[in-house]
Amino acid sequence: MAIIEIKTIIQAEINMCFDLARNIDFHKDSLAHSNEKAVAGKTSGVIALGESVTWEATHFGVKQQLTSKITAFKRPYYFVDEMIFGAFKSFKHEHIFEVQTDEQSKKSYTLMTDVFEFESPLGILGKFVNFLFLKRYMKNLLTTRNAYLKTAAEKLAI
């Protein structure tokens with residue numbers, strides 16, 4: 001199983017960051033380069049515990065669908081989405097939000113941590129694909145999304 005962890009400091013209020021991270025429309029906009037769109041389940045607005053969304057996107061030149069469901073939820077600190085159908089053998093994406101304080105300025109900010117665990121299909125071949133490029137590709141995808149969220153949240157916080 002591959003694990004990616006990304007920490008993003010956001011100069012915005014925790015509730016705003018939490019809601020943006022769950023917003024279907026915002027997610028679609030943040031990954032526009034892959035033509036990502038919600039095609040089934042919750043297809044717009046803010047997703048909540050027990051709800052699922054089916055995404056359609058183009059990755060590696062192939063149109064794919066993936067369905068994930070919110071399986072854990074503690075507002076505004078934590079939620080988990082897990083794949084229930086898609087190209088991976090499995091994935092679990094933990095979204096963790098914490099209020100932190102800068103020691104020098106005494107200003108608070110949100111620390112957003114993504115922990116993305118996934119397992120590729122095809123056994124040893126899947127592990128080789130992870131090593132070659134898939135883990136790096138997924139990390140870049142998450143980093144792109146987080147940078148978009150950071151920019152939007154900080155712009156709204158002004």
Side-chain angles (χ1 to χ4, degrees), residues 2-88 90-102 107-120 133-158:
I3 300 174
I4 299 166
E5 183 173 314
I6 301 171
K7 293 184 180 286
T8 307
I9 294 171
I10 306 170
Q11 302 295 330
E13 199 263 332
I14 192 170
N15 286 305
M16 180 190 308
C17 298
F18 187 79
D19 289 342
L20 278 176
R22 297 181 304 119
N23 188 295
I24 303 286
D25 306 299
F26 180 83
H27 180 92
K28 180 186 72 168
D29 292 345
S30 73
L31 296 175
H33 68 279
S34 65
N35 297 315
E36 193 144 341
K37 59 184 173 184
V39 296
K42 179 84 172 179
T43 58
S44 66
V46 178
I47 196 164
L49 181 63
E51 294 181 320
S52 63
V53 57
T54 299
W55 295 100
E56 185 175 273
T58 303
H59 297 284
F60 309 112
V62 178
K63 188 179 283 190
Q64 304 174 38
Q65 286 194 352
L66 183 141
T67 302
S68 64
K69 181 177 183 176
I70 304 298
T71 58
F73 190 91
K74 184 178 180 186
R75 178 175 180 72
Y77 304 106
Y78 182 77
F79 74 95
V80 176
D81 62 285
E82 295 187 64
M83 187 193 80
I84 54 178
F85 169 81
F88 293 99
S90 67
F91 88 55
K92 177 181 179 181
H93 186 179
E94 296 178 89
H95 306 259
I96 304 158
F97 302 84
E98 303 169 81
V99 175
Q100 302 280 311
T101 303
D102 180 275
K107 290 184 179 180
S108 64
Y109 60 89
T110 300
L111 176 63
M112 182 175 72
T113 304
D114 286 271
V115 180
F116 186 77
E117 299 177 40
F118 68 96
E119 191 170 356
S120 297
F133 64 87
L134 188 57
K135 186 174 181 181
R136 183 174 53 249
Y137 181 82
M138 293 308 300
K139 184 173 184 177
N140 288 339
L141 200 68
L142 292 168
T143 300
T144 297
R145 184 177 182 283
N146 288 0
Y148 193 87
L149 192 148
K150 174 183 173 66
T151 299
E154 289 178 350
K155 191 179 288 184
L156 290 169
I158 294 175

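None of the values given here were measured: they were computed from a predicted structure.
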Closest contact, heavy atoms only, [X] versus [Y]:
X: A48; Y: F73; value: CA-CE1, 4.4 Å
X: A38; Y: I24; value: CB-CG2, 3.7 Å
X: E56; Y: Q65; value: OE1-NE2, 3.0 Å
X: L20; Y: R145; value: O-NH2, 4.2 Å
X: E98; Y: T113; value: OE2-OG1, 4.3 Å
X: A12; Y: M16; value: CB-SD, 4.4 Å

Reported [atom1]-to-[atom2] distance for the pair [X] and [Y], which is rounded to 0.5 angstrom:
X: I4; Y: L134; atom1: CD1; atom2: CG; value: 7.5 Å
X: E94; Y: T71; atom1: CD; atom2: OG1; value: 9.0 Å
X: I84; Y: S68; atom1: CD1; atom2: OG; value: 7.5 Å
X: L149; Y: D29; atom1: CG; atom2: CG; value: 12.0 Å
X: K42; Y: T54; atom1: NZ; atom2: OG1; value: 14.0 Å
X: K74; Y: I96; atom1: NZ; atom2: CD1; value: 12.0 Å

Any ion pair linking D114 and K139 (charged N to carboxylate O, less than 4.0 Å)?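 Not counted as a salt bridge, because no side-chain N and carboxylate O are separated by less than 4.0 Å.
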Quick check on F85: does its CZ atom have over 12 non-hydrogen neighbours (other residues, nucleotides or ligands) under 6.0 Å away? no
Okay, side chain of [X], backbone of [Y]: is any donor-acceptor separation there less than 3.5 Å?
X: K150; Y: I9; value: yes
X: D25; Y: G45; value: yes
X: Q64; Y: H59; value: yes

Output, in order, the C-alpha distance, side-chain angles, deciding distance and verdict of side chain to side chain contact (heavy atoms under 4.5 Å, CB included) for F118 and H93. CA-CA 8 Å; F118 68 96; H93 186 179; over 6 Å; no
Heavy-atom side-chain contact between [X] and [Y] under 4.5 Å:
X: T144; Y: S30; value: no
X: R75; Y: D19; value: yes
X: N146; Y: I6; value: yes
X: F18; Y: T110; value: no
X: E82; Y: E117; value: no
X: H33; Y: L141; value: yes
X: I47; Y: H27; value: no

Students often mix this up, so state it plainly: with edges at 30° and 60°, are the rings of [X] and [Y] parallel, tilted or perpendicular?
X: H95; Y: F79; result: parallel
X: Y148; Y: F26; result: tilted
X: F116; Y: F91; result: tilted

